[in-house]
Amino acid sequence: RSEHVGDHSILYSLFPQHVAEAMMRGEKPPEDRRECSTVFFSDIVGFTTLSTKMESHEVSEMVDRLFSKFDELAAYYEVYNLE
């Protein structure tokens with residue numbers, strides 16, 4: 001039973017709520033059309049070099065701060081954030 005709860009949390013983290021719920025019911029998710037959408041890819045320039053000079057927990061904290069800021073901006077602009 002606990003495995004299914006974990007699976008559900010993954011679905012909710014990857015998809016909008018209505019899509020995750022449809023998938024859990026075994027249904028085809030409803031179509032979701034947008035007139036305009038943007039895909040944003042990011043890269044940390046020099047990440048490999050930088051990360052080799054840092055402790056692993058420092059790298060993790062840096063990446064966490066970066067993605068937390070992306071999440072904050074996505075919430076502010078009311079956009080769906082898929083990682």
Side-chain angles (χ1 to χ4, degrees):
R1 175 77 180 139
S2 63
E3 291 175 7
H4 293 295
V5 172
D7 293 346
H8 294 173
S9 66
I10 291 170
L11 285 176
Y12 282 111
S13 70
L14 293 175
F15 300 103
Q17 182 176 350
H18 69 282
V19 173
E21 289 173 354
M23 293 173 71
M24 287 187 297
R25 291 189 303 266
E27 300 171 359
K28 179 181 174 187
E31 288 188 24
D32 193 9
R33 294 187 176 268
R34 306 282 181 192
E35 278 198 34
C36 180
S37 62
T38 300
V39 177
F40 172 75
F41 293 94
S42 64
D43 182 30
I44 302 171
V45 176
F47 178 79
T48 302
T49 302
L50 182 62
S51 65
T52 60
K53 298 174 184 177
M54 301 170 71
E55 296 291 328
S56 59
H57 70 93
E58 293 174 314
V59 175
S60 179
E61 290 169 1
M62 177 185 67
V63 172
D64 184 56
R65 284 192 310 271
L66 176 65
F67 282 102
S68 291
K69 188 63 176 178
F70 284 150
D71 292 341
E72 182 183 312
L73 289 168
Y76 178 80
Y77 288 104
E78 299 179 348
V79 296
Y80 181 70
N81 182 17
L82 176 65
E83 297 178 19

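Index from 1, following the sequence. As the structure is a computational prediction, the values presented were derived from the model and not from experiment.
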Worksheet, complete the sentence: For A20 and F15, the nearest pair of non-hydrogen atoms, with its separation, is N-CB, 4.2 Å
Worksheet item: Rounded to the nearest 0.5 Å, what separation is found between the CZ atom of R65 and the CZ atom of F70?
Response: 13.0 Å
Worksheet item: Is it true that L66 and F47 fall in one hydrophobic cluster, defined by side-chain heavy atoms closer than 4.5 Å?
Response: yes
Worksheet item: Is it true that atom CD of E55 has more than 12 heavy atoms of other residues, nucleotides or ligands lying nearer than 6.0 Å?
Response: no
Fill in: side-chain contact (heavy atoms from CB on, under 4.5 Å) assessment of R25 paired with E21
CA-CA 6 Å; R25 291 189 303 266; E21 289 173 354; 3.7 Å; yes
Item to complete: Report yes or no: do V19 and I10 belong to one cluster of Ile/Leu/Val/Met/Phe/Trp/Tyr joined by side chain heavy-atom distances under 4.5 Å?
Response: yes
Response to the item:
On a heavy-atom basis, the closest approach of K28 and A22 is O-CB, 4.3 Å
Discussion item. Test of understanding: clusters of I, L, V, M, F, W, Y form through side-chain heavy atoms closer than 4.5 Å, transitively. Do M62 and L73 belong to the same one?
Written reply: no
Item to complete: Report the distance from atom CG of L50 to atom CD1 of I44, rounding to the nearest 0.5 Å.
Response: 8.0 Å
Item to complete: Could you tell me the separation between the OG atom of S68 and the CD atom of E61, rounded to the nearest 0.5 Å?
Response: 11.5 Å
